[in-house]
Amino acid sequence: MKNRNIGLLGGGEEQLALAGRLAAETQWEVYAMFLESPRLSPRVHAAVDFRDVLWLCRVLVLPDPACREGELLNAPLWPGRPVEAGQFLGSIGKGVLLLTGETTPALRRAAAAREVALTTLPPGRPGQDWAQRVLDYLATV
């Protein structure tokens with residue numbers, strides 16, 4: 001059986017909505033890292049430390065856009081210190097599907113340096129939100 005663990009790293013309201021939809025509408029076991037909100041579905045596992053769950057996930061989803069600037073993860077719902085992508089990129093195992101929205105050149109360089117492949121989702125159709133773009137893509141893998 002394929003690993004059905006998916007992790008969401010950072011993000012705002014759209015990533016929060018994605019976590020809820022994945023937990024409610026799919027067979028994925030959903031983990032949230034660098035994403036805190038009282039509106040986070042109780043079906044989503046909120047990780048206190050990304051290292052506790054990152055290794056479990058076959059798919060990881062960064063927000064759209066992935067970074068605020070340079071390598072800083074776009075994580076407006078994270079109350080902690082800003083998160084540099086290097087904190088988690090170095091811990092991503094081979095064969096993990098890493099889905100992203102818009103990326104910065106710095107993030108692409110950091111990923112390449114750590115031999116982590118980024119799969120950038122194409123822009124959505126009019127009216128298509130981030131959650132639907134990710135769900136549509138996951139239906140093809």
Side-chain angles (χ1 to χ4, degrees), residues 2-141:
K2 284 188 176 180
N3 173 334
R4 299 297 292 176
N5 298 321
I6 188 167
L8 283 70
L9 291 128
E13 296 299 324
E14 288 188 324
Q15 197 85 324
L16 189 64
L18 173 60
R21 287 188 63 188
L22 283 166
E25 300 173 16
T26 73
Q27 297 299 311
W28 289 97
E29 194 72 25
V30 184
Y31 296 89
M33 295 161 268
F34 309 116
L35 178 65
E36 283 188 14
S37 171
R39 296 182 320 280
L40 189 64
S41 168
R43 293 174 150 173
V44 175
H45 306 284
V48 174
D49 187 332
F50 75 95
R51 293 168 290 211
D52 293 339
V53 298
L54 190 70
W55 64 275
L56 293 170
C57 299
R58 178 171 68 99
V59 176
L60 296 169
V61 183
L62 297 178
D64 184 26
C67 293
R68 289 184 297 167
E69 55 189 59
E71 288 182 56
L72 289 181
L73 181 66
N74 178 13
L77 298 179
W78 178 245
R81 296 178 41 205
V83 180
E84 291 186 25
Q87 283 183 256
F88 58 84
L89 283 175
S91 301
I92 295 173
K94 299 277 187 224
V96 171
L97 176 60
L98 180 58
L99 301 177
T100 71
E102 179 185 334
T103 60
T104 62
L107 176 63
R108 289 191 298 275
R109 283 191 303 273
R114 292 170 179 85
E115 298 180 353
V116 173
L118 299 175
T119 299
T120 305
L121 297 181
R125 299 182 305 271
Q128 184 184 38
D129 64 7
W130 175 242
Q132 192 59 54
R133 286 171 56 200
V134 173
L135 288 167
D136 288 349
Y137 185 85
L138 289 173
T140 69
V141 294

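- Across all non-hydrogen atoms, the minimal contact from Ala17 to Ala131 is C-CB, 4.5 Å.
- Counting heavy atoms from C-beta on, the side chains of Pro63 and Leu73 come closer than 4.5 Å.
- Residue pairs meeting the salt bridge (Lys or Arg N to Asp or Glu O under 4.0 Å) criterion with at least one member in residues 39-54, sequence neighbours excluded, are Glu13-Arg39, Asp49-Arg51.
- We find the OG-CG distance between Ser41 and Leu16 to be 9.0 Å, quoted to the nearest 0.5 Å.
- For the salt bridge (Lys or Arg N to Asp or Glu O under 4.0 Å) condition, the pairs that include at least one residue of residues 56-75, sequence neighbours left out, are Asp64-Arg133.
- Leu107 CG to Leu118 CG: the interatomic distance, rounded to the nearest 0.5 Å, is 5.5 Å.
- We find the CG-OG1 distance between Leu121 and Thr103 to be 11.0 Å, quoted to the nearest 0.5 Å.
- Within the 3.5 Å criterion, the main-chain N or O of Asp129 finds no donor-acceptor partner in the side chain of Gln132.
- Ala66 and Thr100 make their closest contact through CB-CB, 4.5 Å (heavy atoms, listed as atom of the first residue, atom of the second, distance).
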For this session: Could you check Ile6 against Thr26 for side chain to side chain contact (heavy atoms under 4.5 Å, CB included), going step by step and ending with a plain yes or no?
Result: CA-CA 11 Å; Ile6 188 167; Thr26 73; over 6 Å; no

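- Of all heavy-atom pairs spanning Trp28 and Leu22, the tightest one is CD1-CD2, 4.1 Å.
- For the pair Leu9/Val83, no side-chain contact is recorded, criterion being any heavy-atom separation below 4.5 Å from C-beta on.
- Nearest heavy atom pair, residue Met33 against residue Ala47, reads CG-CB, 3.9 Å.
- The side-chain heavy atoms of Val30 and Leu18, taken from C-beta on, include no pair separated by under 4.5 Å.
- A 6.0 Å sphere centred on CD of Gln87 holds more than 12 heavy atoms belonging to other residues, nucleotides or ligands.
- To the nearest 0.5 angstrom, Leu72 atom CG is 11.0 Å from Arg81 atom CZ.
- Pro76 and Gly12 get closest at one heavy-atom pair: CG-CA, 3.7 Å.
- Although no hydrogens or angles enter the test, the distance criterion places a donor-acceptor pair under 3.5 Å between the side chain of Thr104 and the main chain of Gly70.
- Among residues two or more places apart in sequence or in another chain, the ring-ring contact (aromatic ring centres under 6.0 Å, His included) test is passed with Tyr31 by His45.
- The shortest distance between side-chain heavy atoms of Leu89 and Leu98 falls below 4.5 Å.
- Side-chain contact between Val59 and Val141: absent, with no pair of heavy atoms (C-beta onward) separated by less than 4.5 Å.
- Checked by atom type and distance alone, the side chain of Glu36 never pairs as donor or acceptor with a backbone atom of Gly80 at under 3.5 Å.
- The distance from the CD1 atom of Ile92 to the CG atom of Leu60 is 5.0 Å, given to the nearest 0.5 Å.
- Here the closest heavy-atom approach between residue Ala19 and residue Leu40 is recorded as CB-CD1, 4.1 Å.
- Taking 4.5 Å as the limit, every side-chain heavy atom of Leu35 sits out of range of all side-chain heavy atoms of Val44.
- Taking the six-membered ring for Trp and thresholds of 30 and 60 degrees, Phe88 and Phe34 have ring planes inclined between 30 and 60 degrees apart.
- Atoms CD and CG, on Glu25 and Leu135 in that order, are 6.0 Å from each other to the nearest 0.5 Å.
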